[in-house]
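Chain letters run A, B, ... following the sequence lines, proteins first and then strands; every chain starts at 1. Predicted model, so just to flag it, every value in this text is computed and none were measured.
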Amino acid sequence: MATSSHRYRVLARSGLPLDTVKLARYLIGKIVVRETPQGLLSGRIVETEAYPVGDAAGHAFRGETARTQTLFLSRGHAYVYLAYGTSYMLNVSSEAVGVGAGVLIRALEPLEGIETMQRNRHVKNLRDLARGPGRLAAALDIDRRLEGIDLCRKGSLWLARDLSGAPKVAASTRIGLSKEAHRILRFYIPGNRFVSGAKMLNR
DNA sequence: AGTGCGATTGACT
DNA sequence: GTCAATCGCACTA
């Protein structure tokens, strides 16, 4: 399977809801496309989390800093950071220019480039390739090189329309937080086997 | 300059 | 189920 990005249509920025929570829901079912020298990798988004304006758990909460400046770009830009010194997290900026907020992409259903993802992850099992934010970044070879990239423009990393219809979307509390742990800001496809987190939360 | 702490993962009891 | 690894960042002084 060589380059088949022609099957994908890039998401238009004007089509992205100008609201972090709505965008988190909107991105469920959309496609992440990663183009590398090794070939094209892609996956369907099955789980996201919103980190809206005013959220004490969000990295933009304390204002714009060197790390978080890309969260303040117009919606549809990549914010990539290293969590726990071990795992990169892929986020999508989600508000107007100068307003800091984002959506964390937490899990993908692998579509194309599965053999490359298996090499990147040193794991065979399809279910484990991109189930979890750190895992999906490793599978797609995403790190700080991609910080600030425009995800609404074809390139090394971008977002595409889903080919099938709108999936069912369920909501729950976010995973792994101490602050703002009660808020219902996680979205996922119920019953999907590529969703991370506790089973009870995924029904 | 030093400190505490994660939007996680994988290895292990 | 528990827990250490690992490091960039925000905050204190």
NA contact type, A:Arg131, heavy-atom cut-off 4.0 Å: base, sugar-phosphate, or nothing?
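If one applies the 4.0 Å heavy-atom cut-off, A:Arg131 turns out to touch nothing in the nucleic acid.
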Is it true that a side-chain atom of A:Gln69 and a backbone atom of A:Glu64 form a donor plus acceptor pair closer than 3.5 Å?
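Pair absent, no side-chain N/O of A:Gln69 close to backbone of A:Glu64.
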Please answer whether the main-chain N or O of A:Arg75 pairs with a side-chain N or O of A:Ser94 as donor and acceptor at a distance below 3.5 Å.
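Between the backbone of A:Arg75 and the side chain of A:Ser94 there is no qualifying donor-acceptor contact (under 3.5 Å).
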May I ask you to check if A:Arg174 and A:Tyr51 form a cation-pi contact, with NZ or CZ under 6.0 angstrom from the six-membered ring centre and within 45° of the axis?
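So A:Arg174 does make the cation-pi contact.
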Partner of A:Gln38 by side-chain contact (heavy atoms from CB on, under 4.5 Å), out of A:Thr36, A:Leu41, A:Leu40
A:Thr36
Hey, which of A:Leu185, A:Ile175, A:Asn91 is the one that makes side-chain contact (heavy atoms from CB on, under 4.5 Å) with A:Glu49?
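Exactly one option meets the side-chain contact (heavy atoms from CB on, under 4.5 Å) with A:Glu49, and it is A:Ile175.
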In this structure, would A:Val32 and A:Val92 fall into the same cluster of hydrophobic residues linked by side-chain contacts under 4.5 Å?
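In one cluster with A:Val32: A:Val92, yes.
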Consider only side-chain heavy atoms of I, L, V, M, F, W and Y, link residues closer than 4.5 Å, and tell whether A:Leu73 and A:Ile105 are in one cluster.
no
Toward the 5' end of DNA chain B, by each residue's nearest nucleotide, A:Lys179 or A:Leu136
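Looking at the nearest nucleotide for each, A:Lys179 comes out on the 5' side.
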For nucleotides 6-13 of chain C, read 5' to 3', which letter fits each nucleotide if B means a protein heavy atom sits under 4.0 Å from the base, S means only the sugar-phosphate is that close, and - means neither?
BB-SSS--
Which atom pair, heavy atoms only, marks the closest approach of A:Arg34 to A:Asp141?
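Shortest heavy-atom contact: NH2-O, 3.0 Å.
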Between the side chains of A:Asp128 and A:Arg121, is the shortest nitrogen-to-carboxylate-oxygen separation below 4.0 Å, so that they form an ion pair?
no
At a heavy-atom distance below 4.0 Å, which nucleotide of DNA chain B is the first touched by chain A, and which is the last?
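Terminal contacting nucleotides, 5' to 3': B:dG6 to B:dG10.
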Which range-with-range stems can be found for DNA chain C when each stem has 3 or more Watson-Crick or G-U pairs in a row and both distances sit under 3.5 Å?
B:1-6 with C:7-12, B:8-12 with C:1-5
CA sep, side-chain torsions, deciding dist, call: A:Lys30, A:Leu11, side chain to side chain contact (heavy atoms under 4.5 Å, CB included):
CA-CA 9 Å; A:Lys30 302 301 186 292; A:Leu11 287 185; 4.1 Å; yes
